[in-house]
Each structure stands twice: as C-alpha cells, then as structure tokens.
Amino acid sequence: MSILIVAEHDNTALNDATRAAVTAAKAIGGDVDVLVAGSDAGDIAKAVSGIEGVSKVLHADGKAFAKPTAEAMEALILPLMDKYDVLMAVASTMGKNFAPRIAAKLDVMQISEISAVESADTFVRPIYAGNAMMKVQSTDAKKVVTIRPTTFEKAGDGGTASVETIEAPSGPFKSEFVSEELSKSDRPELTAAKIVISGGRGMQSGDNFVLLDKIADQLNAAVGASRAAVDAGYVPNDYQVGQTGKVVAPELYIAVGISGAIQHLAGMKDSKIIVAINKDEDAPIFSVADYGLVADLFNALPELEAELTKIGL
Amino acid sequence: MKILVPVKRVVDYNVKVRVKPDQSGVDLANVKMSMNPFCEIAVEEAVRMKEKGGVDEIIVVSIGPQQAQETIRTALAMGADRGILIQTNEPVEPLAVAKLLAKIVAEEGPELVILGKQAIDDDSNQTGQMLAALLDWPQATFASEVAIANGKANVTREIDGGLQTISVEMPAIITTDLRLNEPRYASLPNIMKAKRKPIDAKTPEDFGVDIAPRLKVLGVTAPPKREAGIKVESVAELVDKLKNKEGVI
Ligand SMILES: Cc1cc2nc3c(=O)[nH]c(=O)nc-3n(C[C@@H](O)[C@H](O)[C@H](O)COP(=O)(O)OP(=O)(O)OC[C@H]3O[C@@H](n4cnc5c(N)ncnc54)[C@H](O)[C@@H]3O)c2cc1C
Ligand SMILES: Cc1cc2nc3c(=O)[nH]c(=O)nc-3n(C[C@H](O)[C@H](O)[C@H](O)COP(=O)(O)OP(=O)(O)OC[C@H]3O[C@@H](n4cnc5c(N)ncnc54)[C@H](O)[C@@H]3O)c2cc1C
C-alpha cells in the first residue's frame, strides 16, 4: 500500500491537520508520502520531512500553487496517482475543493471526512450532522479519502524523510486566483485552539463580541460563532462553527448566547469540556454542556473576565 | 444562456434523525422531507440571474424516488422553467449522480450548473466538484457572491481563513454556500403555475450510467451520547470547576 497525503499549509506555516493525516495514513498502513504544493514553500517541505512516519516528501513549487485552484491541483496530483493506492487530504475548504475532482477523474467514490480508520478499506464517517456514524467499505481499487483532523492524534517529529523536487504545472488553467480577504487575528486558529469561546445571536451585535475577545485573550482562546451570529453580520463567515462551518474539538468550548441547534452541535460536541451560558434554562445547548450557567450574558461575561483576572489570567 | 440546477430531496433540516436498531441506516419512515437547503440557494441564485436578464431557461433535475417530483415542483414554483426527474429507488452516490448530470449537460447544453455545496443528509460535499471533473469544466465551490461578465464568472468563495475570489471561464460549475442569498418562499399563484410546468421522467438506464454503489455501508450507528452535566450557580463556581476540577484553564 502506498499513500499520498496532500499537506495543508499557507506557504509560511504547516497546518497541524497535516500531522493528523499522517496518523490516519499510518492506521491504513504502508508507505506514507506527503506532497507539498506551494510557492516558496521549501521550509514547509523541510518541516514535513521531520514528521515521524513520513517516507518521502514531494515538493512542487510554482506561482500557480501560491493559492492553488482545484484545476491546478488536478494537473499536479492526477499524474502522480499512477504510483499511489490512496490519496488523502484534509477536509478543509482546500481539500474539499480538489479531492472530489481527482476522485472523479480516477473513477472512484471519495470517502468524505472520515473520523476513524477501521482497516485499509473500511472507514467511519459522520452523516446527518453527526447524528449518525456510517461505517463504509470502499470497493474501488484506488481510494480518495478526506479526514476530519480533530479526531486523529497529531503525529510528532522524529522523521528524516527525503525531499524530492517535482515539476509544478504552470497552466494556464480554466480558473484563476484573483484576491483574498483573510481575517486577521493574533489569536490561535479556531480548529487548532485548546480553548474556544463562541457567541451566538444572543450577543446582539458585533460590537458586543468585544466581551468575548477580552476573555479569549485571557485564556489564549479562539473566538467562534453560530451561523445566526455570522448571518447577522456580527462576525466574518470563517468564525462559523457547525455542520456547514468548522468542526472543532478543543479541551474547553464555551458557548455564549447560543441555543444549541443540531447544526451547531455538529461542530463542537466532541469538545472535551463544554460550558454553556444562556438565559433560557431550557435551551438545548444545556443537554450537551458539562457546566451550564443560566444567566444573562451581559452580566456573566464581565463577571467571568473579573474572576479570571482574580486567578491571575 | 441556460442554467441547470440539480436539487436533492433530503430529510428536513429541523428533523433530528434516529438510527435504526438493526444499524441498517437511519429511520426515514414518516419523517418530513424537503429540498436540501443548499439546493434552494442554488435555485434562488439561478432565478435571480434570470430576473436580471440574459438567462433563457432554468432546468432543474433531481435524482431520486418518485417523491423527488415534489422537490422539483418546489423549484419550479420558485421560478425554474422545467424539470427532469431521474427516478430510482436505489441510493445514488455522488459519483453516479455526477455521471448522470454529465449526460444531462451533454443533452441540454447549459453554460452554468449551480449545485449545493453539500447535501445535509450524507454531508459528502463532492457532487459539484466531480461533475466539473467529468466535464473538464472549471469549478467555483462554496460561493458567497457570483458576478458573470464577458464569458467569465467572478466568484467569491467562503474558505477557512476568510473569503477568496477566483475567476473561472464559462461554462462552469458553481456550488453554493449559505450566504450567497436568502431563498424566497414561492407565492400561491406561482405554486399553481408550477403545476403546469413540464417534468420529464427518466431512469438511470436511459442514460446508460451504471449507478452501482462503490461504497458498501457496513452499518450505521448512533454517535456516543453526551450526557448533560450540572448547572452551576455562579460565575465564581464555574471558574473554580474549570480550574480546580477539570484543569482546563
Ligand atoms: C444511512 C445511509 C445509507 C446509505 N447507503 C447507501 C448505499 O448503500 N449505497 C449508496 O450508493 N449510497 C448510500 N447512501 C448515500 C446516498 O444516499 C447519498 O445520497 C449520496 O451519497 C449523495 O451524497 P450527497 O448528497 O451528500 O452529495 P453532495 O456532494 O453533498 O451533494 C451536493 C449537491 O449535489 C447535488 N445532488 C446530490 N445528489 C443529488 C440527487 N440525487 N439529485 C440531484 N442533485 C443531487 C445537489 O445539488 C446537492 O446539493 C447512504 C446514505 C445514508 C445516509
Ligand atoms: C443548511 C443549514 C446549515 C446550518 N449550518 C449551521 C452551522 O454550521 N453552524 C451553526 O451554528 N448553525 C447552522 N445552522 C443554523 C442553525 O439551525 C441555527 O439557526 C443557529 O445555530 C442558531 O444560532 P444561535 O444559537 O446563535 O441563535 P438562536 O437559536 O436564536 O439562539 C440564541 C440564544 O441566545 C440566548 N440568549 C439571548 N439573549 C441572551 C442573553 N442576554 N444572555 C444569555 N443568553 C441569551 C437565547 O436564550 C437563545 O438560546 C444551519 C442551518 C441550516 C438550515
């Protein structure tokens, strides 16, 4: 068995989700190679070569891969798949974009967002917003798999893989990157943070998210949101946690002014400890919360800030 | 220009599904079914484009059981012009759906196909991308804004770090994200009008597409259940628990 993982990175830093993919690949078994497609991404290739369990790093560098489109990724990856049995990507907006395209070209059915590897051809994946877990066996000769990074351990360092430079196709492709508007934040990334504090419609305005920001700074937490808060324009779209947003599984998840719709729960119910602050004692969020506080958030958040200050945070 | 919009009939998003005791799947008996919310957004976007001008016809297609006709009618009531039902009672995987859609594209010659980014039942998030690959068309997935001009579509996409804009040559595939638009409710006169709009009935065999599944479902189980914990009386008690009992802060 030989597996090709596509590394997740932004040309300056390796996303830890790549390490989760290495763990998932090792569970399948066989040689694990990692493709680093980027622009000036030599440092990323080097970082990947140090991950325990990686046999070889393929490094493709070119302008078209600074912000690669699915078409560019197809041109790069499809020819490589002659030599691999499994293509593995992270179920990020990047992986979700290109992986099915390659699966269709290979005439195989992709297995989306797996949460566990049962054997080399059998996987578990959540369906219906995580309300059911489906165990599926692939009958295709080659496999295309995307993984849910929060459910796999991150492989550590200790590897000494070789780095092989490969040609990066230069296009032109039928699609072209135009621009990007990324949210800037000094806080940890939502899917990687140990603590996440999220606000919902109960926050009432974007300005009120300052109340969460302060606590996030004290706890070194990421700030998330429900869809209602994003739709209302309180915060940008990349804050959304849930079935159709991001899936997080931090040590501590604090839901503030969020009712707990199934679509929201789908994105956070694997967190280790869940805290809910809501003024409605019957809010469904309390049914999954380890600690529930029935209170008005506009009183509770300043109090929380003060209590955290008291313990030196 | 013609636009093709594939729509899927799924369990209504308000329904909390239950796994069958024999683990063969989820219990869909007597459960409310609706159009996949992302497909509604796709229909709405197509109708808005038509209202602005330059679109001659919107064709909706659904692959599924006889009742998927209702889903097509809903789209027709929103403003689509005609429907195609590819009827089958078998579950159809995204790859097979994409193959059937590729045949329809070849027959109908649309310049744009707008799909939902994912169906909320199976959560695969694949079909649009696969169709793009089969047709060798460019794809713009997770769209939150679409502008078409000079044979190109400029599409703003919702990505993990924020928003990204790409430009794709037409013909193209677009998949919708939540914030692309807010779908309308069909008015009563439009619902009545939709009853007279044509729906073609087909089967997968008509297209010579093999829809045999590639994935074997070995079992469907309920996820580990999370028990409700305790209610704390004060913020101070909460902080004490998190610090001294759980050690997470
Ligand atoms: C319990 C359970 C058991 C299952 N068992 C099997 C099985 O044994 N064999 C099997 O093959 N599959 C099985 N399936 C999967 C099958 O029913 C899914 O519907 C299929 O995999 C499509 O995935 P998706 O809709 O999530 O695709 P997505 O890629 O998420 O869909 C995205 C978009 O594609 C379009 N689209 C998708 N499907 C259609 C459609 N039918 N008609 C029109 N447009 C469409 C829509 O625009 C939609 O918004 C099972 C599913 C479940 C939940
Ligand atoms: C296709 C589809 C996909 C979706 N995907 C997602 C997703 O990915 N993520 C997601 O989150 N949602 C998603 N949703 C939306 C979901 O169904 C809910 O509508 C949404 O999660 C509700 O957000 P909320 O809890 O912030 O708002 P509400 O349900 O309105 O809840 C607000 C809560 O705040 C509380 N509150 C109000 N004021 C105060 C106060 N002063 N102090 C304390 N508490 C207060 C209220 O008691 C209430 O419980 C999706 C929906 C659909 C149809």
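Residue numbers start from 1 in every chain, and the chains themselves are labelled A, B, ... in the order their sequence lines are given, proteins ahead of strands. Predicted model, so just to flag it, every value in this text is computed and none were measured.
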**Complete:** Rounded to the nearest 0.5 angstrom, the CD1-CZ distance for A/Ile77 and A/Phe98 is 4.5 Å

**Request:** Check whether B/Leu131 gets within reach of chain A through its side chain, its backbone, both or neither, counting any heavy atom under 4.5 Å.
**Result:** neither

**Asked** Can a salt bridge be assigned to the pair A/Lys135 and A/Glu118 using a cut-off of 4.0 Å between side-chain N and carboxylate O?
**Response** yes

**Request:** Give a yes or no on whether the backbone of A/Ala129 and the side-chain of A/Gln263 come within a donor-acceptor separation of less than 3.5 Å.
**Result:** no

**Item:** A/Glu180 with A/Lys67: basic N within carboxylate O range, under 4.0 Å
**Value:** yes

Side-chain donor-acceptor contacts of residues 243-252 of chain A below 3.5 Å, not counting sequence neighbours, with atom names and distances?
from, atom 1, to, atom 2, distance (Å)
A/Gln243, NE2, B/Ile120, O, 3.4
A/Gln243, NE2, B/Asp123, OD1, 2.9
A/Gln243, NE2, B/Asp123, OD2, 3.3
A/Thr244, OG1, A/Gln240, NE2, 3.2
A/Lys246, NZ, A/Asp238, O, 3.0
A/Lys246, NZ, B/Asp160, O, 2.5

Pairs under 3.5 angstrom only: tabulate donor-acceptor contacts from the side chains of residues 300-309 of chain A to other protein residues two or more places apart or in another chain.
from, atom 1, to, atom 2, distance (Å)
A/Glu307, OE2, A/Lys310, NZ, 3.1
A/Thr309, OG1, A/Gln218, NE2, 3.0
A/Thr309, OG1, A/Glu305, O, 2.8

**Message:** Between B/Asp121 and B/Arg9, does any side-chain N to carboxylate O distance fall below 4.0 Å?
**Reply:** no

**Item:** chain B contact via A/Leu293 - which portion, at a heavy-atom distance below 4.5 Å
**Value:** both

**Request:** Flag the one option from B/Pro224, B/Ala172, B/Ser167 with the top tally of heavy-atom pairs under 4.5 Å to chain A.
**Result:** B/Ser167

**Fill in**
In terms of heavy-atom pairs under 4.5 Å with chain B, the winner among A/Ala295, A/Ser92, A/Ser179 is A/Ser179

**Request:** Would you confirm whether A/Gln137, through its side chain, and B/Leu218, through its main-chain N or O, come within 3.5 Å as a donor-acceptor pair?
**Result:** no

**Message:** Quick check: do B/Ile174 and B/Val113 have side-chain heavy atoms less than 4.5 Å from each other?
**Reply:** no

**Pair A/Arg101 + A/Glu71, salt bridge at N-O below 4.0 Å** = yes

**Prompt:** Sub-3.5 Å donor-acceptor pair from the side chain of A/Lys143 to the main-chain atoms of A/Asp121, do we have one?
**Reply:** no

**Asked** Quick one: does B/Asn36's side chain have a donor or acceptor within less than 3.5 Å of a partner on B/Gln118's backbone?
**Response** yes

**Asked** When only pairs under 4.5 Å are counted, which of A/Ser112, A/Ala261, A/Gly292 shares the most heavy-atom pairs with chain B?
**Response** A/Gly292

**Asked** By a 4.5 Å heavy-atom criterion (distance strictly below it), what part of B/Leu238 contacts chain A: side chain, backbone, both, or neither?
**Response** side chain

**Request:** Name the member of A/Leu182, A/Thr146, A/Thr191 that forms the most heavy-atom pairs with chain B at distances under 4.5 Å.
**Result:** A/Leu182

**Under 4.5 Å from a heavy atom of chain A, the part of B/Val248 involved** = both

**Fill in**
Assert top hit (heavy-atom pairs under 4.5 Å, partner chain B, pool A/Ile111, A/Val108, A/Thr122, A/Leu219) equals A/Val108

**Complete:** Bottom line for A/Leu190: the part with an atom under 4.5 Å from chain B's heavy atoms is neither

**Item:** Contact class of B/Val11 relative to chain A, heavy atoms under 4.5 angstrom
**Value:** side chain

**Item:** Between B/Asp177, B/Val15, B/Val168, the one whose heavy-atom pairs under 4.5 Å with chain A are most numerous
**Value:** B/Val168

**Salt-bridge contact A/Asp140-B/Arg214 (side-chain N to carboxylate O under 4.0 Å)** = yes

**Fill in**
If you tally heavy-atom pairs under 4.5 Å between each of B/Val19, B/Thr175, B/Asp240, B/Val17 and chain A, the highest tally belongs to B/Val17

**Request:** Please look at B/Gln23 and chain A and tell me whether the side chain, the backbone, both or neither of the residue comes under 4.5 angstrom of a heavy atom of that chain.
**Result:** neither

**Asked** Atom NZ of B/Lys99 and atom CG of B/Asp210: how far apart are they, to the nearest 0.5 Å?
**Response** 7.0 Å

**Most contacts with chain B, counted as non-hydrogen pairs under 4.5 angstrom, among A/Thr69, A/Ile277, A/Val275, A/Val294** = A/Val275

**Item:** Under 4.5 Å from a heavy atom of chain A, the part of B/Lys20 involved
**Value:** neither

**Portion of B/Lys225 that has a non-hydrogen atom of chain A nearer than 4.5 angstrom** = neither

**Pairing of A/Asp290 and A/Lys272 as salt bridge, 4.0 angstrom limit** = no

**Message:** Using heavy-atom distances under 4.5 Å, tell me whether B/Ala132 contacts chain A through its side chain, its backbone, both, or neither.
**Reply:** both

**Fill in**
Applying side-chain contact (heavy atoms from CB on, under 4.5 Å) to B/Phe207 and not counting sequence neighbours gives B/Ile86, B/Leu100, B/Lys103, B/Ile104, B/Glu107, B/Lys202, B/Val209

**Item:** Proximal to chain A - members of residues 135-149 of chain B, heavy-atom separation under 4.5 Å
**Value:** B/Asp136, B/Trp137, B/Pro138, B/Gln139, B/Thr141, B/Phe142

**Message:** Using a 3.5 Å distance criterion without hydrogens, assess whether the side chain of B/Glu44 forms a donor-acceptor pair with backbone atoms of B/Arg184.
**Reply:** yes

**Request:** Answer yes or no: is there a side-chain heavy-atom contact under 4.5 Å between B/Ile249 and A/Ile195?
**Result:** yes

**Which atoms of B/Ser234 approach chain A - backbone, side chain, both or neither, heavy atom under 4.5 Å** = backbone

**Prompt:** Top residue by heavy-atom pair count (under 4.5 Å) with chain A, among B/Arg18, B/Gln164, B/Glu237?
**Reply:** B/Gln164

**Message:** Taking every non-hydrogen pair under 4.5 Å, which of A/Met94, A/Glu189, A/Arg125, A/Lys184 racks up the most with chain B?
**Reply:** A/Arg125

**Request:** Pick one of side chain, backbone, both or neither for A/Asp107, based on which atoms fall under 4.5 Å of a heavy atom in chain B.
**Result:** both

**Asked** With respect to chain A, which residue among B/Leu178, B/Val239, B/Leu242 yields the maximal number of heavy-atom pairs within a distance under 4.5 Å?
**Response** B/Leu178

**Message:** If I measure from the heavy atoms of chain A, does B/Val232 come under 4.5 Å with its side chain, its backbone, both, or neither?
**Reply:** both

**Message:** Can you tell me which of B/Lys243, B/Met130, B/Glu227 forms the most heavy-atom pairs within a distance under 4.5 Å of chain A?
**Reply:** B/Met130

**Asked** So, the side chain of A/Asp10 versus the backbone of A/Thr12: is there a donor-acceptor pair under 3.5 Å, distance only?
**Response** yes

**Prompt:** At a heavy-atom separation under 4.5 Å, does B/Arg157 approach chain A through its side chain, its backbone, both, or neither?
**Reply:** side chain

